[in-house]
Every structure is written in C-alpha cells, then in structure tokens.
Amino acid sequence: MHPVRKQRLLIVLAIVVLSSIAIGLLVFALRDNINLFYPPAKFSAGEVPHDVRLRAGGCVQPGSVVRDESSLEVNFQLVDPTGKLKVQYEGILPDLFAEGEAAVVNGVWRDDKVFYADQVLAKHDENYMPPEVAEAMNNGEMHQATCEGAEYDS
Amino acid sequence: MIPELGHFALILSLALSAALFVVPLWGAYRLSQPLMLAGRSLAAGQLLMVTVAFVILGWAFLHDDFSVSYVANHSNSLMPVYYKLSAIWGGHEGSLLLWILMLSGWTFAIAIFSRSLPLDMQARVLAVMGFVATGFLMFILFTSNPFDRILPLSPQEGADLNPLLQDPGLIFHPPLLYMGYVGFSSVFAFAIAALLTGKLDTAWARWSRPWATVAWAFLTLGLALGSWWAYYELGWGGWWFWDPVENAAFMPWLVGTALIHSLAVTEKRGLFKSWTILLAIFAFSLSLLGTFLVRSGVLTSVHAFANDPDRGLFILVFLAVVVGASLLLFALRAPVIKNAPSFNLLSRETLLLANNILLMIAMITVLFGTLFPLVADALKLGKYSVGAPYFNLTFIPFMTIICLLMGIAPESRWKRTNGSPLAKVVSGPAVLSLALGIAVPILLGDFAFSMVLAVFIGSWVGLTTLWDLWRKSQNSQGRWVGLRKLSLSYWGMIIAHCGIAVSVLGVCLNSHYADMDKVRMDVGQPVTVAGYQFTLEKLEQVRGPNYMADQAVVVMSKDDRVLRVLKPQKRRYFASGQIMTEVALDPGFTRDVYVAMGDKINAQSWAMRIHYMRFVRWIWLGALMMALGGMFAVIDKRYRKRKSAASPTPQEA
C-alpha cells in the first residue's frame, strides 16, 4: 500500500477504535448511572421498580421529619397531590432542607416500601423549585407549583 | 435618574457595536482605509459606554438604590461594601453585563495590540467581535435589563444576595472565568476573519495563538477558583461535582486545550489548518452553549439564577446563528486538504493529533452526559439525571492515555522521530515513576492498584517533563547558561505540564485517600477521625454584619498537642432567613482538615462532618501552574517582535 494511504488509514483506524471505546464506555456507564425521576404518586401506585437506583422528589410533609436520637438517621415523608413516599436517610441534611419545602432524593426503593436515600438535595434559594417537583405538583388536581400551597392532610 | 443614564449607555453601546459589526466589514470589502480604521475607535467607544453602564450599576449598589429591581433583588443595606460591589455580577443581569464588559475589553485589546496585523484582517476581526457584542447587547437590553426600576413603590430594603455568594470567591471567580470564556471569542473572530479573507496561512495561527493561550490561562484560573470555592463554601467536601454548569465551563477548556496544541502545529508546520479553525469555532460555540445552559434556567444548579423561557430562546437562537453561520462559512471556505501528509507516523505532529482527538472524545462524552437529561426531557423520554460515576468512568480512561502520550511528546521531534532512541530517553523516568507508583501507596498506608497506576501516571508526566528540561538545558558553558537559553514558551510548556502532573496526583490521591466521618459531637467529648482528636469545647452565638450564627469551637489535636482551634458556623441571614453552613479549615500542603456543622441534635450536641482531605491543595496548585505556564508562553519574545508597535503583552482592559 502507498505509505501515505497507509498512514492515513492508521490514523483513521485509531480514531475509529478510540471512538468505539468511548461509545462502549458511554453505554456501559449510562446503564448504571442515570437515574430516572419518579414523583411520590408513582410510588403510591406501585409503578416504580424496586432495588434500582432512582430519583424521587416532592414536598417534605410538615411534621414527618423524625431524627434518631443516637445516630444520624432521619426519616421523613415526601408528598405530592396524590402520593406519599417514606424516605430514610443517614447523614446530614442540606441547609435548605425543611418541612413544607421541596426536596429531591437519590437512592433505592426497597421491598419494604421505604426509599433509602444516599443523597438529599434541597433547593438552592428561596424561590427555587426543582422543575421535576414543580411538574409533579402540577400534574395532580392542585395547580400551585409550590409547596406552600399544598395541603397536607395525613 | 442615574440608572437611566446606565440604560442609555447600554443603548449607545448597542448602536456602537452594531456599527462596529458593519462599518469595518464594509470598509474591508470596499478597501476603504478610513472605514476600516473606524473599527478601532468604535471598539474604544463601545468599551467606554459599557464601562459607564457597569460603573453606574456599581453606583446603584453602593448607594443602596433599591428602586432598581436588580439591586433590590441582589443586595441589602447591611451587606459589606465589597460584597455590594461583587453583587454586581451576583445575578443574571449583572453577570451578563460583566460578560459584555469583558467582551468589549477583549475587543479593545485586539484594536490596540494587533496593529501590526494587515488592516483588512484587523477590521474583519473587530467586525466579528462587534457581531458577538451586538447579539449580547440585544440580549441584555431586550430580555434582562439590569436597570429596570420598581416604581413608584420601590422597596425600602433589598432582598439580600444569595448567602452562598457572600464570599470572597464571588469577587474573583466570575471575572476570571468570564475572561477565559469570552476570550475564546477573540480566537473565534480571528478564525472567521481568516475564513472571510481566505488567507489561511501560518501567520493566522501566529496572530491568534497568544490570544488563545491567554483565554485558556484565564479559564484555567477561573475553573480552579470555582472548584476551590465550591470546596469550602458549599461544604459538601467535594471539589468537583460534574454539575452541568461546571461541565459547561469545562468543555470549552477541553477544546481550548486542544486548540492551543493544534495552533502550535499550524504555526510551526502549517498543518491541521482547517482542523484548527474548526476547533476555534467549537471553543467559542461551547462557551455560548455554556452561557445558554447557565442562563436559560434549563438546568438545576447553584449557578442557575433565573428561569425565563424568553432568555433561553434568545440565546438558543443566537447560538444557532453563530454556529450555523460559522460552520457554513467553514464548509464554503475551508482550505482543501493537501494530499501528502508531510510527517511520519511517529512524530510530534501525530502525538499532538492524538492529543486533539483524545481531548475531543473526552469533551464529547462530557457533552453527552450534560445534554442527555435535557434531550431526554425534551423528547418526553422521562426525567433523568446523569451522575458523577458516569463522567468518571468515561473521562478518566482518555485522560490516562493523554497523560501517557504527554510524557513522550516533548521528547519527540517534528516530522519524524526514531522509536528506539525515544524509548531509551524515557526509560529512566518510566522506571522511576513505576517505583514511585509502588512506593507512594505503601507509604500512605493503603495499597491499591488503582493508586499505583495513578501515581505512576502523575509521576510519569512530571518526571518526563523535568527530564526533558534537564536534557535540553545542557550547554557547554554550564547548566545555568543552558537554562537561560531556553525560550519562554518552552518554559511555559514545562510549567504547564508539571502542573498537569501535580493536579493529576492531587485528584487521584484525594479521591482514594480522603476520609470523611459524620459524627455526633457532644460538648467536652473528644472524637477521633483519621488520627486526629476533635473536641467540641463549647457552642456559642455570634453576630455578623447581616447574619446570626451558631458557632462551634472545636479543638483539633494530635498526640495531646493542640494543632488548631476550628470555628465552623451555621449562619442564619436576616434578610432572606436562609441558613448557610460555613466550614472551618485547617489547610496544609499534604492534607486539609475540614469541619462542617450539620444538624443540631440538642443544646449540647451537633451532628458534624469531619473531612480529612489529602493532597486536595495539589489540584489547584497544578491549575495555577498551568495558567502560569500559559502566561510564560504568551510573553515569549516571538510574539513581541511581531507587535513592535504595541506594548509587549496582550492585557485585558
């Protein structure tokens, strides 16, 4: 083969090989590391798979936050207009986590119907509402997109 | 009255930037010298007007003019003066104004420092800058005017700046980052001007190279500062979160890194011309994409200030126009690739090409991870989030290969390199790196193969670079003469590559050896974390200028010797009622100790997080070295000769 063509072929091959590795890694990494979001309503309806990493979000029901006296375990409930989700988390909650405010959690939903969160995200400032949560609150009968307007009858 | 003057100044600068876009371009077309020269004055006028607007916004902040809605939303009379001033860019409108100020500064700098350029070339470069400025000024005037008033019922008190931003980090991080971000617009302008004239020679690469390097150095500094700020301010104990907004600034950095390397090939060897042009277009497009992601509110992030679909749409359209038009121009005008590649398969050209390909692939994986949730959402596939493990898994392998190649690249020669002498040269550093790779994890007390690899790679980059310096500084008149004979741009490369080595070591060692404990701390009861004793002495209340804080006094000691008294705080800001954790740090060259208050358990005890962050400072030290290396490369006298009419360094205005 002509040396120039051979060189060009090798460069192209290198690009192809590297890109394939990249795509392979990408697909492999995506499989385990993307988290689908579910609102509490889906959990109540039982439409959420167990034992898979996922993301949930809603408003923290006032009065539901219970801290363990001896450890750093916290239990609370996330609600949206039609559903409820029990969450357990061990660790320190973010500064802006509060009852009656929006929160998003990452973790696994186990067979005992408790969501074991390893990460709790709260809003970044006063007026901020996670878009997923805002949408979840809007899908139901209520039309307010904030947690303040929500009615918490338990 | 005064804020209206600011608004008026912005309108005037829009008129000037529109003229800057049209007049020199028309002049270059008609070959009219006065019209082309007008670009310089227009650039100066635009900078002046934008500066006036910026100063007036600052005046409104200083005088607590809460009738200006932007000031009312981002300031408070209790805030210290320096935060009032840095609050100018603490929100959407003001940071956009800073963007435009930077852009005008770069435009003016081009007008001043590239007088040695052919006049028509300079005119076209300035016109492209004028086009970008026009777009952004229209954006600020039509969708996000910082001078909007709340009249007649203006508030008596401001809503306060987001407490996360009330930190010295805000003073420096956005300006530095924007310097870099916006700086790529100058390289973009050079690329477009070259495509317009059709003169894609090595001179083009020589002109744009210093600008690209300066922009890249500033972006490096801005990213490092942002990472350091997030590390101590967000209080999560991390320094990089693969947050979409971090990615938005990181992607231009990756492409910018590819660009400064490919510019080297284009300047020295006249190769990869079209590729370099394309990279310049990509770097700026990614800066615009970053602006879109951050400013449109499509992302959930600390940086997302506002949620306004109009704004997003405007930037998206502008992005489409810029990218579409420049790619079209590229397709029409890009030089035809010559037939014979005039370099061998093992040569510096190939290695730099590999650097470019790898950086681009890494950028694309980051881009994919960043945009995937947005695209999935838009296509109604569900609401996804892509986590940090994805990025680590896809990004690290490519960085590993880059680092391996980086060791041999400085030793290689242009055109062709012989394999066996090269292997002989790098065998010494390779053996030494392997020894270090095995020794360091053992010394640190936790042996892991991933760390052997990590330390090997970090040391490999550092040692091969230093070895190259050692070899190239050999001189018959002695080492000192040899060292002084090396060019500044060579020194720049050495420093920047050593910076990579330091950062790589910091990142890897920190990721494995950092330790974190969430502990319950009771007054008087010591806890032990990572060999240090921490005793909560007392809990107290302190008052700051615009907040009250619960403060814990924690004594940190080792072997009964007190090392430091740490005072982490949990602040409550008056105006917004927001709670903020203020961490306490004991910094050190090989480790940071970091205490953050978590939740109050009762009057005598708090849940706290104690981080033992090993080698975390190295990450930013390395980035500082990279930026310093970039600056060294720019002040090389090669570029000064070309610009004899102007002062030596391209400086920001």
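These numbers were taken from a predicted model, which means no experiment stands behind them.
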Given a strict heavy-atom distance threshold of 4.5 Å, which part of B/L393 is in contact with chain A: side chain, backbone, both, or neither? both
Side chain, backbone, both or neither of A/I11 within contact of chain B (heavy atoms, under 4.5 Å): side chain
Let me know if B/F391 has heavy atoms under 4.5 Å from chain A in its side chain, its backbone, both or neither. neither
Once rounded to the nearest 0.5 Å, what's the spacing between atom OG1 of B/T394 and atom CD1 of A/I21? 13.0 Å
Measuring only between side-chain heavy atoms, which start at C-beta, is B/T365 closer than 4.5 Å to A/L25? no
Residue B/R520 versus chain A: region with a heavy atom under 4.5 Å: side chain
B/L353 versus chain A, heavy atoms under 4.5 Å apart: side chain, backbone, both or neither? side chain
Does a sphere of radius 6.0 Å around NZ in A/K86 hold more than 12 heavy atoms from other residues, nucleotides or ligands, not counting ones at 6.0 Å or beyond? no
In residues 395-403 of chain B, what donor-acceptor pairs under 3.5 Å come from side-chain atoms, sequence neighbours left out?
{"from": "B/T400", "atom 1": "OG1", "to": "B/I396", "atom 2": "O", "distance (Å)": "2.7"}

Side chain, backbone, both or neither: which part of B/F368 has a heavy atom under 4.5 Å from chain A? side chain
Max heavy-atom pairs within cutoff under 4.5 Å with chain B, candidates A/L54, A/L93, A/N106, goes to A/L93
Starting at CG of A/L18, measure out to CE of B/M360 and round the result to the nearest 0.5 Å. 13.5 Å
Under a 4.5 Å heavy-atom cut-off, does chain B meet the side chain of A/E90, its backbone, both or neither? backbone
Picking from B/V386, B/V519, B/L358, B/N392, which has the most non-hydrogen pairs under 4.5 angstrom with chain A? B/V386
Residues passing the ring-ring contact (aromatic ring centres under 6.0 Å, His included) test with B/Y70, sequence neighbours excluded, are B/F61, B/H74
Under 4.5 Å from any heavy atom of chain A, what part of B/M608 do you find: side chain, backbone, both or neither? backbone
What part of A/L10 gets closer than 4.5 Å to chain B, counting heavy atoms only: side chain, backbone, both or neither? side chain
